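None of the values given here were measured: they were computed from a predicted structure.
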Amino acid sequence: LLLISKIEQEQKLLSYLKALQNITLELTKITSLDEFYKRAVELGINNLGFERLGLMLYDPDTEMARGTYGTDKDGNVVDERDLVIAPTDLTKILFRSVENETHFVVDEDADLYSNFEYIGKGWNAVATLWNDTQMMGWLAIDNAVIHRPIDPAQLEILALYALSIASQLTKKQAQHQLASHP
């Protein structure tokens with residue numbers, strides 16, 4: 001039985017890896033940063049099985065976290081560009097990911113929020129986006145929609161998705177800066 005479970009996990013991870021490859025190819029073609037943020041969330045939800053996913057950026061000048069797009073309590077992609085969070089107000093998990101300079105943090109018993117509104121308890125996982133040693137932001141997932149238990153394959157794919165997003169974001173931000181400051 002344990003072997004079957006392990007095989008199922010590996011097959012699930014393999015299907016997520018194939019989906020990740022397709023997502024990466026699609027995101028590569030996007031030139032608008034805003035469209036990139038939105039599609040990164042939509043594609044992660046639709047193809048990687050995340051219940052909820054949010055992409056936040058870190059502004060090193062102000063030390064603020066800024067929202068891009070996220071997911072409401074029903075699993076719909078929503079515009080969160082008006083969210084600005086001071087470091088002291090970062091949720092415990094985001095703060096831990098910054099303090100420990102870690103790439104990945106999981107909280108199995110977290111307070112879950114949608115647009116600063118408490119929506120219940122569940123698990124929460126955050127992967128930090130890094131450009132070398134510079135923190136760029138976070139990808140955060142949780143199980144606030146249908147409350148599935150933590151899936152190890154999803155946690156692995158979240159870490160890989162964060163690497164892919166960070167790499168592409170680095171390139172897109174550089175292109176964007178070149179275009180706006182010729």
Close side-chain approach of D151 and Q9, heavy atoms under 4.5 Å: yes
Residues K12 and E8 bridged, charged N to O under 4.0 Å: no
Heavy-atom side-chain proximity of Y69 to E80 below 4.5 angstrom: no
Nearest-0.5 Å distance, CD1 of residue I119 to CG of residue D74: 8.5 Å
Residue pair L83 / R66, side-chain heavy-atom distance below 4.5 Å: no
Interatomic distance, R148 atom CZ to W123 atom CH2 [nearest 0.5 angstrom]: 8.0 Å
Rounded distance (nearest 0.5 Å) linking atom CE of M64 with atom CG of D59: 9.0 Å
Crowding at NZ, K18 (>12 non-hydrogen neighbours, <6.0 Å): no
ILVMFWY cluster, L20 and L13 together (side-chain gap under 4.5 Å): yes
Joint hydrophobic cluster, V41 plus L163, side-chain heavy atoms closer than 4.5 Å: yes
side-chain contact (heavy atoms from CB on, under 4.5 Å) partner of L112, chosen from V145, D142, D107: D142
Spatial distance of atom CD1 (I23) from atom CG (N46) [nearest 0.5 Å]: 8.5 Å
Validation: residues 154-161 side-chain donor-acceptor distances under 3.5 Å, sequence neighbours left out:
residue	atom	partner	partner atom	Å
Q154	NE2	L48	O	3.0
Q154	NE2	G49	O	2.4
Y161	OH	A40	O	2.6

Any donor-acceptor N/O pair, E51 side chain to I146 backbone, under 3.5 Å: yes
Check: T68 side chain, Y37 main-chain N or O, donor-acceptor pair, under 3.5 Å: no
Nearest heavy atoms of F50 and G44, plus distance in Å: CD1-O, 3.4 Å
Check: S114 side chain, E117 main-chain N or O, donor-acceptor pair, under 3.5 Å: no
Gap between atom NE2 of H176 and atom CG of L169 - 0.5 Å precision: 11.0 Å
Test item: M136 and Y58 side chains (from C-beta on) under 4.5 Å apart, heavy atoms: no
Whether E63 side chain and A86 backbone form a donor-acceptor pair below 3.5 Å: no
ILVMFWY cluster, I85 and V126 together (side-chain gap under 4.5 Å): yes
Check: L139 and L129 side chains under 4.5 Å, non-hydrogen atoms: yes
Flag, side chain of N131 to backbone of Q134, donor-acceptor distance under 3.5 Å: no
Heavy-atom neighbours of K172 NZ exceed 12 at 6.0 Å: yes
Single-linkage hydrophobic cluster I45~I150, side-chain heavy atoms < 4.5 angstrom: yes
Atom pair CG/CZ of N76 and R52 - distance to nearest 0.5 Å: 11.0 Å
H147, NE2: over 12 other non-hydrogen atoms inside 6.0 angstrom: yes
CA sep, side-chain torsions, deciding dist, call: L27, R39, side-chain contact (heavy atoms from CB on, under 4.5 Å): CA-CA 7 Å; L27 290 175; R39 289 300 288 152; 3.8 Å; yes
Salt bridge present between R81 and D34 (N-O < 4.0 angstrom): yes
ILVMFWY network linking L53 to V106, side-chain heavy atoms under 4.5 angstrom: yes
D109 side chain reached by K121 side chain, heavy atoms, under 4.5 Å: yes
Over 12 foreign heavy atoms within 6.0 Å of CD, Q21: no
